[in-house]
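To start, the structure under review is shown below, and the notes come after it.
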Amino acid sequence: MLDYKSMQEKWQKAWADARLFEVEPNEKRGIMVFAAFPYVNSPPHMGHLRTFCTPDVYARYLRTRGTNVLYPFGFHATGTPVIGYAKRIANNDPDLLESLRTFHVADEDIKRMVDPHYIVDYFIKQQEAEFRKVGNGVDWRRKFISIEPLYSKMVEWQFQKLKEKGYLVQGTHPVGWCTNEDNAVGQHDTMHDVQPDIEEVTAIKFKDKDSDAYFICATYRPETLYGVTNLFVNESVEYVVAEINGVQCYVSKDTAFRFSYLFDTKVKGDITAAELLKKVAINPITNEEVPILPGYFVKADKGTGVVMSVPSHAPFDYVALERLKASGYPVPKMEYRKLIELKFPDAKKGLGSTLKPDEFSGSTGDAVHHEIPALAYLEFLRMNPDVDDESVELATKLVYREEARYGVMLVGEYAGKDEPEARDKIKDDLVKSGDAMLMYELANDEPVICRCGTKAIVAIVKNQWFINYGDKKWKEQVHAMFSKMKIYPEKYRHTFEMLIDWIDLRAMERAQGLGTRFPFNPEHIIESLSDSTIYMMFYTFDYILRANDVKPQQLAPHFFDYIISGEGDAATVSKETGIEESVITRCKESLDYWYTNTSSHSAPDLIPNHYLMYMFNHVALLPEKFWPKQIVANGMVNYEGEKMSKSLGNIVPAGDAVGKYGADQVRFIEVAGAELDSDTEFSTNSLNGVNSRIEYLLSQVIEVIKAENGNELKGVDFWMYSRLNSKIKKATSSMDGLMFKGAYDEIFYASIGELKKYKEMGGRNGLVVTDYLSAVIKMLSPIMPHIAEELWHLLGNSTLAATERWPETDEGMLNMELEESFGIVDSTVEDVNRAMELTGKMEANKGKKAKSVKVILAEQWKTEAYNMLVEGKEIGEIIASMQDKAGKDKAAKYLQGFKNRKEATQQVLATQQSLFNAFSESSDYLKKKFGCEVEVEKEQDSKSARAQRALPSKPSIEVVWS
RNA sequence: GCAGGGGUGGCGGAGCCUGGUCAAACGCGCAAGGCUUAGGACCUUGUUCCCUAGGGAUGCGAGAGUUCAAAUCUCUCCCCCUGCACCA
């Protein structure tokens, strides 16, 4: 067993000493391969390794193909998470502390993590150390953090350009808001990490008949305005008169407070529910007068505290009126208008058929009163209107859902239209005519609580800067570029295309967090995804700046204009900035060389955000030669059959995994354990399989260096060479397409099998095995770089395997006929085993031993006729061309058999003679397999009754029992 | 709700775009046997049902259609997953 740890360190040092990964532009074709830089609020775990090892394997592969490859690395620290992290440390958050201990963070370090910058430094150090340990060949000279001053200068340049080009716009935007901290609240800022779910609601104005004031009713269903019978206010709620956007309104006191964050709102004075109840309101769409009635269910903090009542379609309204009547309240006579008809597509659908089993446990009944849909749904759920508020809730949901899906308007301007369409049009009309306004509300079922303990609401942020990704022309350009890009796996192409169309305004400034100050509002910083869309460019010249002690303030916009777009000239820029002209020129050359050809790697979760912005920003800011060429998205890593997650407590730190399982084992299973697009399974099982094969390879290397060379080449040797070259060919094309599993199934797994088979079939030529192993080890080097070095040197080489070239396919050694012949030998072994088992069970043969096995090879004319059938020739035609090689009846029958069974699909290359040779050469092997004598016969020479059953790729078998 | 993706064996997962080579690659699991001091290592064989010397039947979420022929194309329905913006 190898000592993996010291072996890994040995070779990592050898690579470092040879400066293999510190690359500069040269005359070769260059490519920069990079992974999306990681966020530094946690130590890396096994799952991360896949995303960072995949580009390394790819980079190492490309190097073996003669490409000059740069694999740089950087770190992302912008935004609020690190700050939140520091706060949690200060509060001794138990979950966080426990997770840090899992990752072996010392108490001493945890204490100092109250400082966000300490967190950043700590995790950068740790992440770098662990990515080194796993053998990634990174040019670490180019490392940077997204919060360093030099970097910020590039981001400033970027946003100035975006503004110049008209891609920055100002506007309003609804956000979750904490009124205590006066700050936007996102998922990270709430208790239990709830995402504030903001919903647009239509607020309809009902004029007070006797004044200029309006009742404001919030509704999701403006189309039901045609059926309003009354308004509800709650007698236990406090109301106010407020001036909202210049209009006198009646709303709950709570609403006035929330509206002050949405609209221009001034509270004029209190008004009691009792006073409101005396009023009469006017329906803006029908101009009908509607009374105000008490509604027990109306809430002060939802909607506006005033509810429009549509008893025909709203179960709550229906029930409230029923209860009111029952209580003896003088409810005027009113008309329950049916506004929407359900039109089901087929007989299987009906009222209530969208009810899901987990929504309702009771039994349902018949809906009778279809003229009042709200009642019909209540009947369907068999609810008791006096007590069963839960059913009313569910009935409301059902009406809403089914009318949206199957409903057709019966009344109003949009009669005959589907309900959702009518709803939107009516809403737009009302807003346009000033009879309604749009408000926002949190739609979460539970209240959203800020971490400070205050209930969050919705606020509209004014004069907020956005990047306008909705720009049509911009989108077109991105589409055009995208169509030329390579996407791995290709299945994401469609997703990308949809998303390019979908992305719209993106708010890009924040009040809090680490990062670059926004040039047009220095109070704010640039949002943390927006500041990381062209950062890869920085790798190509940042270390040149640092090496020459360039200061941030020297990085004037003209510097970037020159090196990126070639605007101006180096001398002028040098004069302006004080940066030496040669340094500027080197930056430009480096950028030109590395940035014209790139491959970007990450997990697919970055597609709808980072990658979209990556493409848009490149198109907007950089010349076409620097546009992205290739995006690679890799799947996740499961551990022992489960997703790695905090809740399962099965997160394995990267360092632990490498220490415990070995760097190459981890690399292999994570990168080649599954194809790029699917999740890979890290299990003891897969690890054992990999380890045992590594051991086997090692044993073969040791054996072959002791073996004798120079025997004459036999069939099996040619077979081995053919297999090797087929393997190289297949693996090369798989690697080129980033199909690492396909490639390494061939290189690693299949090779072990072939080495064993070769020996079983009597192969013993040391030279052949050495050639074979050398090629396999070279191909193994990208994914198992340490072990490949070890084996490579054991074989007697003194060069580094990492610098060896990938083997070329020697077409002259390919012999598909031979490979097929030996393949048929193998499949025949399986058939014989089966035949022996079956015949052994027969009465006559019980307890006996097989004496011999006859393998009878089909006559050559069968193969020829069969191949003609595959070519699509008619049977008659084939028989005619057969002449007298076989009896015509025999040939016809044989061919018809194939045709009927639809088996004539692939040509058979092996001739009878080549099969005969393969079987003859394998006779020792076969004897050992069967444990009895083996006779190989040609059909035309055989006396066996079974001889004529022989088919081209399937010899006839006869087991002879003693 | 909107948008995107998907439903194949005990499981993971190919194949579906370019219909016939598909009882279904490859892997895992499971079963029997072998090897072995032992084994989570390795090697055989099997793993829908029936037949039992390489034969047949059924089958790819449900239903219908197109076709000589459908997991593969069309339509309808059912179910599942992911994203929806201030969050990296």
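Throughout, protein chains are lettered first and strands after them, A, B, ... in sequence-line order, and every chain is numbered starting at 1. It should be emphasised that the depicted structure is a prediction, and the values quoted were computed from it without experimental measurement.
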Is there a Watson-Crick or G-U wobble partner for [N] with both distances under 3.5 Å, and if so, which one is it?
N     : result
B/A41 : none
B/C49 : B/G56
B/G63 : B/C75
B/G9  : none
B/C2  : B/G83
B/C16 : none

Quick check on side-chain hydrogen bond (donor to acceptor under 3.5 Å, both in side chains): which of A/Ser146, A/Ser528, A/Ser530, A/Ser532 does A/Thr78 satisfy it with? A/Ser146
Distance criterion of 3.5 Å, no angle test: do you see the side chain of A/Ser678 paired donor-to-acceptor with the base of B/G12? no
Atom pairs under 3.5 Å: protein N/O with N/O of nucleotides 33-38 of chain B:
none

Starting from [atom2] on [N], measure out to [atom1] on [X] and report it in whole angstrom.
X        : N     : atom1 : atom2 : answer
A/Phe466 : B/A85 : CZ    : P     : 13 Å
A/Glu199 : B/C84 : CD    : C1'   : 13 Å
A/Asp605 : B/A88 : CG    : P     : 14 Å
A/Ile752 : B/A41 : CD1   : P     : 16 Å
A/Asp197 : B/G1  : CG    : P     : 14 Å

Measuring from the side chain of A/Met498 (C-beta onward, heavy atoms only), which nucleotide among B/A88, B/G83, B/G4 has the closest atom? B/G4
Among B/C43, B/G4, B/A41, which nucleotide has an atom closest to any side-chain atom of A/Thr495? B/G4
Within 6.0 Å of CD in A/Glu490, more than 12 heavy atoms from elsewhere: yes
Is atom NZ of A/Lys475 surrounded by more than 12 heavy atoms (other residues, nucleotides or ligands) closer than 6.0 Å? yes
Quick check on B/G4: is either OP1 or OP2 less than 4.0 Å from any side-chain nitrogen or oxygen of A/His494? no
B/A88 phosphate, OP1 or OP2: any side-chain N/O from A/Ser528 under 4.0 angstrom? yes
Euclidean distance for [atom1], [N] against [M] (whole angstrom):
N     : M     : atom1 : value
B/C28 : B/C16 : C1'   : 24 Å
B/A70 : B/G20 : C1'   : 9 Å
B/A23 : B/A14 : C1'   : 14 Å

For a quick check under 3.5 Å, do A/Tyr614 and A/Asn609 share a side-chain donor-acceptor pair by atom type? no
Do A/Tyr611 and A/Ser600 pair up side chain to side chain, a donor and an acceptor below 3.5 Å, judged on atom types alone? yes
Can you give me the N/O atom pairs linking the protein to nucleotides 27-29 of chain B at distances under 3.5 Å, or say none if there are none?
unit_1 : atom_1 : unit_2   : atom_2 : d
B/C28  : O3'    : A/Asn685 : ND2    : 3.4
B/G29  : OP1    : A/Asn685 : OD1    : 3.2
B/G29  : OP1    : A/Asn685 : ND2    : 2.6

Show the numbers, then the answer: is there a side chain to side chain contact (heavy atoms under 4.5 Å, CB included) between A/Arg493 and A/Phe482? CA-CA 9 Å; A/Arg493 183 171 293 276; A/Phe482 181 73; 3.6 Å; yes
